[in-house]
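Atoms within a ligand are numbered from 1 in the order they appear, just like the ligands themselves.
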Amino acid sequence: MGNFTGKTILVSGASSGIGKACVKNFAAQGAKLILCARSLEKMQEIAEKLKDEFGTESKVLQVDVRNRTEVEAAINSLPDEWTKIDILVNNAGGALGLEKLHEGDPSDWDAMIDTNIKGLLYLTRLIVPMMLKQGLKGHVVNIGSIAGIAAYPNGAVYCATKAAVRCLSDGLRMDLVDKPIRVTNIQPGMTETNFSKVRFHGDEQRAAAVYSGITPLTASDIADIVTYVTSAPAHVQICEVTVTPTNQATGGVIYKKQ
Ligand code: 8X3
């Protein structure tokens, strides 16, 4: 019996990084999982592993959260026994590009705004009403970023999308204040996943340089926090968690050993 036995948890961006680590933690503690991501193959592989390791029941939804029609179709296709979603982890997201706003690539902006903001909205809009209808003690966990607290140079659009995640989390918490649903915004600093590789469009050297000289957070550090906030007693709402590597103070203040 784990902390999450009998619970159904949907994680977006479940095929890698923080999402994948969350799925593993929840599975180890007895949850049923709905994995949501673009890569069917990666999710199927994860689902099989979880079944072997923990006997986890999971459902895989191949979805690009940027596409509202796809998101609606996927959630509406869930069989009844999968619609009692206790926890939604809005993790899908990322950064694309690190350059001055006036030199940035508008297609990078579209992808970040559509995934980090609109994808989170689409899933939340569908799943919170399902929680309410079924009288669940639900929980929405958004993966924000310290980038949402203050902008840093060359990151304006990414930072703006994560500031939006902070405001959406705060607003949703207010809108649900008379309901048994908790809302948490987790704001990690430097976390070594494929985040920088994606940000630099596949440039592995540039990505590796981001984490040199510092011990960054790992996906599993963040997943442990997600597990912690979601397993607090139902009357305890952890609104926000800001977490950085010990040698990072803000998005822009970082100490690196030479
Ligand atoms: C990722 C954290 O500090 O690289 O969202 O912007 S940071």
State the NZ-CG distance between Lys256 and Asn247, to the nearest 0.5 angstrom. 11.0 Å
Could an N or O of ligand 1 be found under 3.5 Å from any N or O of Tyr158, whether backbone or side chain? yes
Tyr152 vs Tyr158 aromatic rings, parallel, tilted or perpendicular, using cut-offs 30° and 60°? tilted
Determine whether any heavy atom of Gln248 lies closer than 4.0 Å to an atom of ligand 1. yes
Do Asn185 and Asn142 get their side chains close enough for a donor-acceptor pair, meaning under 3.5 Å? no
Answer with yes or no whether the side chains of Asp224 and Thr227 bring together a donor and an acceptor at under 3.5 Å.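 Thr227 vs Asp224: no donor-acceptor pair found between side chains.
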What atoms in ligand 1 come closer than 4.0 Å to a heavy atom of [X]?
X	value
Tyr152	4 (O), 6 (O), 7 (S)
Gly189	2 (C)
Ala147	6 (O)
Ile146	3 (O)

Does any part of the side chain of Ile127, heavy atoms only, come nearer than 4.5 Å to the side chain of Met131, both counted from C-beta?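 Met131 reaches Ile127 side chain to side chain.
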Less than 4.0 angstrom from a charged side-chain N to a carboxylate O is my criterion; do Asp52 and Lys49 meet it?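 No salt bridge links Asp52 with Lys49.
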Please work out, at 4.0 Å between heavy atoms, whether the side chain, the backbone, both, or neither of Pro188 comes within that distance of ligand 1.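 The part of Pro188 near ligand 1 is the backbone, not the side chain.
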